[in-house]
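Sequence positions, counted from 1, serve as the residue numbers for this chain.
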Amino acid sequence: MIIGIPKEIKTHEYRVAITPLGVRELKRDGHTVIIEKSAGEGSGFLDDEYIKAGAEIVDKETIFKESDLIVKVKEPLPLEYDLIREGQIIFTFLHLASNPELTSMLLKKRVTGLGYETLQKEGTLPILASMSAIAGRMAPIVGSFYLQRIHQGRGVLPTGICGVPPARALIIGAGVVGTHAARVCIGLGLETVVLNRGIDRLQRIDEIFLGRVKTLPLTIDNLQEELKNSDIVICAILVPGGKTPVLITREMLKIMKKGSVIVDVSVDQGGCAETSKPTTHDNPVYEVDGIIHYTVANMPGAYPRTSTLALANATLPYIRIIAKDGIEKAIKQDPAIRSSLNTYNGYVTNKALADSLCIEYKFEI
């Protein structure tokens, strides 16, 4: 199979979908790997390293023209739509629930769209988890940064100091993002509260952090009470394949402290704050009703070396399966590959996605 790796074009996206080590593994399997010039430079991987590993360096048009399988980091952007071939296979973060335009294009071109974010194995999301861990660990750091008064924040030192209490962080969701965010919050010395609908995950948080994190069920009353007292709010809700439920309404911003910060990690899937909208690393924040919103849609891209290595480690086994077996056999025989399928043969094949976009769901191979 010919596997193509384009250079990412999303603003300040420096990750790349494969490392030279991954190229060597695919070459040993007998596949051809073509990669766009300078695709890995932002992550510290030079073209010469890919050439030594057996890849061919080509331009973007050749990548899309010749590849059977396109492997990316982020979703295709409008500038790439015309390059995508009818019936091509694309394996990347798709996040289609918040992107009906991209979904429409994939359906029209009968593209096999495989989403990292919906790939499940034994009840886990192994590819998404690697990036969620990074985003979760970043969230308290960026939230703390924007608490500075020079960024219109409250001017509260997150760690506190002798005689002065630390800032208070509210984490909504106790999955991978929430757990890693709590770890960093505690490390920074913040008072930390986690809200979650399921009690099992709250029990796990309590056990991991030995009671140093306050845990509460996610109810409207608890959410409103904690929003009043929080300096940093981290939105860490995930509905695999579906749109994130809106939990923080604009009206609720009025009860929050002016200059507090919302870090909406779930913005890729729509965000859990009504006022959330995707931003980029070059213009990451905006203010609504006195509340700072940090809503960068590709947070791990800020640390591309770490993120690329983690992502490539997670995706390579599945790339090898798809390339070895072909897409139809892989979908039929491998439950993980099947769970990643979002679009196929002109239909949406993920039920949560279809429900979110109110379009027909069909899964027939």
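Proximity of Pro166 to Thr159: side-chain heavy atoms (C-beta onward) are nowhere separated by under 4.5 Å. Residues Phe64 and Pro6 are in side-chain contact: their nearest non-hydrogen atoms beyond the backbone lie under 4.5 Å apart. Looking at heavy atoms from C-beta onward, Ile237 lies out of side-chain contact with Gln269 at the 4.5 angstrom threshold. Residues Ile232 and Tyr146 form no side-chain contact, since every pair of their non-hydrogen atoms from C-beta on lies 4.5 Å or further apart. With contacts defined as side-chain heavy-atom distances shorter than 4.5 Å, the pair Leu69/Ile2 does not qualify. Val285 has its side chain out of reach of Thr279: every pair of non-hydrogen atoms, C-beta onward, lies at least 4.5 Å apart. Side-chain atoms of Leu79 and Ile9, non-hydrogen and from C-beta on, do get closer than 4.5 Å to each other. Counting heavy atoms from C-beta outward, Leu309 and Arg305 have side chains that approach closer than 4.5 Å.
Counted by atom type alone, Asn313 and Ser130 present zero donor-acceptor pairs between their side chains at under 3.5 Å. Using modelled atom types and a 3.5 Å distance limit, the side chains of Ser132 and His180 yield no donor-acceptor pair. Side-chain contact annotation: His95 with Glu75, donor-acceptor N/O pair under 3.5 Å absent. For the residue pair Asn345 and Arg110, a side-chain donor N or O sits within less than 3.5 Å of a side-chain acceptor on the partner.
Taking hydrophobic clusters as Ile, Leu, Val, Met, Phe, Trp and Tyr residues chained together by side-chain heavy-atom distances below 4.5 Å, Val265 does not share a cluster with Ile172. Cluster annotation: Ile127 and Leu316 are assigned to the same hydrophobic cluster (Ile/Leu/Val/Met/Phe/Trp/Tyr, side-chain heavy-atom contacts under 4.5 Å, transitive).
Counting non-hydrogen atoms of neighbouring residues, nucleotides and ligands closer than 6.0 angstrom, the CD1 atom of Ile161 reaches no more than 12 such neighbours. The 12-atom threshold is exceeded at CZ of Arg338, counting heavy atoms of other residues, nucleotides or ligands nearer than 6.0 Å. Within 6.0 Å of the NZ atom in Lys121, the count of heavy atoms belonging to other residues, nucleotides or ligands does not exceed 12. Taking a 6.0 Å sphere around CG of Asp282, one finds it holds more than 12 heavy atoms contributed by other residues, nucleotides or ligands. Counting heavy atoms of neighbouring residues, nucleotides and ligands inside a 6.0 Å radius, atom CZ of Arg204 does not exceed 12 of them. For CD of Glu86, the number of neighbouring non-hydrogen atoms (other residues, nucleotides, ligands) closer than 6.0 Å is greater than 12. A 6.0 Å sphere centred on NZ of Lys37 holds no more than 12 heavy atoms belonging to other residues, nucleotides or ligands.
To the nearest 0.5 Å, atom CD1 of residue Ile331 and atom CD1 of residue Ile337 are 8.5 Å apart. Atom CD1 of Ile171 is separated from atom OG1 of Thr215 by 11.5 Å, given to the nearest 0.5 angstrom. With values rounded to the nearest 0.5 angstrom, Thr343 atom OG1 is found 15.0 Å from Lys108 atom NZ. Atom CG of Leu247 and atom CG of Leu218 lie 5.5 Å apart (nearest 0.5 Å). Between the CZ atom of Arg183 and the CG atom of Leu188 there is a distance of 13.0 Å, given to the nearest 0.5 Å. In this structure, CG in Leu190 is found 5.0 Å from SG in Cys185, a value given to the nearest 0.5 Å.
The two residues Ser260 and Ser230 make their nearest non-hydrogen contact at CB-O, 3.8 Å. In plain terms, the two heavy atoms of Phe45 and Pro20 that are nearest each other are CD2-CD, 3.4 Å. Of all non-hydrogen atoms in Val213 and Asp206, the two that sit nearest each other are O-OD1, 4.4 Å. Closest approach of Glu8 and Glu13 over heavy atoms only: CB-CG, 3.7 Å. Ile35 and Ala55 make their closest contact through CG2-CB, 4.0 Å (heavy atoms, listed as atom of the first residue, atom of the second, distance). Leu353 and Ala97 get closest at one heavy-atom pair: CD1-N, 3.5 Å.
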Do Phe91 and Tyr318 pass the ring pair (Phe, Tyr, Trp, His ring centres under 6.0 Å) test, and can you show the C-alpha distance, the side-chain angles, and the key distance before you say yes or no? CA-CA 10 Å; Phe91 192 30; Tyr318 304 104; 7.1 Å; no
Does the pair Leu216 and Glu226 meet the rule for a side chain to side chain contact (heavy atoms under 4.5 Å, CB included), with working shown? CA-CA 10 Å; Leu216 291 169; Glu226 294 302 326; 3.5 Å; yes
Can you check side chain to side chain contact (heavy atoms under 4.5 Å, CB included) on Glu49 and Leu46, steps first, answer last? CA-CA 5 Å; Glu49 295 178 73; Leu46 303 180; 3.8 Å; yes
Decide yes or no on side-chain hydrogen bond (donor to acceptor under 3.5 Å, both in side chains) for Asn342 and Thr118, but give the supporting numbers first. CA-CA 8 Å; Asn342 280 234; Thr118 62; 3.0 Å; yes
Does the pair Val263 and Met299 meet the rule for a side chain to side chain contact (heavy atoms under 4.5 Å, CB included), with working shown? CA-CA 10 Å; Val263 182; Met299 287 177 64; 4.3 Å; yes
Check step by step if side-chain hydrogen bond (donor to acceptor under 3.5 Å, both in side chains) holds for Thr275 and His293. CA-CA 8 Å; Thr275 45; His293 291 58; 2.7 Å; yes
Take Val233 and Met256 through the test side chain to side chain contact (heavy atoms under 4.5 Å, CB included) and record every step on the way to the result. CA-CA 10 Å; Val233 178; Met256 297 176 65; 3.8 Å; yes
Might you work through the salt bridge (Lys or Arg N to Asp or Glu O under 4.0 Å) test for Lys60 and Glu36, ending with a clear yes or no? CA-CA 6 Å; Lys60 188 180 294 290; Glu36 187 177 348; 2.9 Å; yes
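In terms of modelled atom types and a separation under 3.5 Å, the side chain of Thr219 and the main chain of Asn222 share a donor-acceptor contact. Of the possible polar contacts, one joining the Thr308 side chain to the Pro304 backbone as a donor-acceptor pair under 3.5 Å is found.
Tyr303 does not carry Arg15 over the face of its six-membered ring by the limits of under 6.0 Å from the centre and within 45° of the normal. In this structure, Lys277 satisfies the cation-pi test against Tyr286, with its NZ or CZ atom closer than 6.0 Å to the six-membered ring centre and inside 45 degrees of the ring normal.
Among Leu119, Asn350, Thr349, Val348, the one residue that satisfies the side-chain contact (heavy atoms from CB on, under 4.5 Å) test with Leu341 is Thr349. Tested against Thr11, the residues Thr280, Asn298, Leu77, Val296 include a single side-chain contact (heavy atoms from CB on, under 4.5 Å) partner, Thr280. Shown are Leu114, Ile3, Ile70, Val71; of these, the side-chain contact (heavy atoms from CB on, under 4.5 Å) with Ile89 is made only by Leu114. Tested against Asp289 for a salt bridge (Lys or Arg N to Asp or Glu O under 4.0 Å), the candidates Lys254, Arg250, Lys257 yield a single pass: Arg250. Considering Arg212, Lys214, Arg168 as possible partners of Glu191, the one that fulfils the salt bridge (Lys or Arg N to Asp or Glu O under 4.0 Å) test is Arg168.
Lys243 has no carboxylate O lying under 4.0 Å from a charged side-chain N of Asp268, or vice versa, which leaves the two without a salt bridge. A salt bridge is absent between Asp48 and Lys52: the closest approach of a Lys/Arg side-chain nitrogen to an acidic carboxylate oxygen does not fall below 4.0 angstrom.
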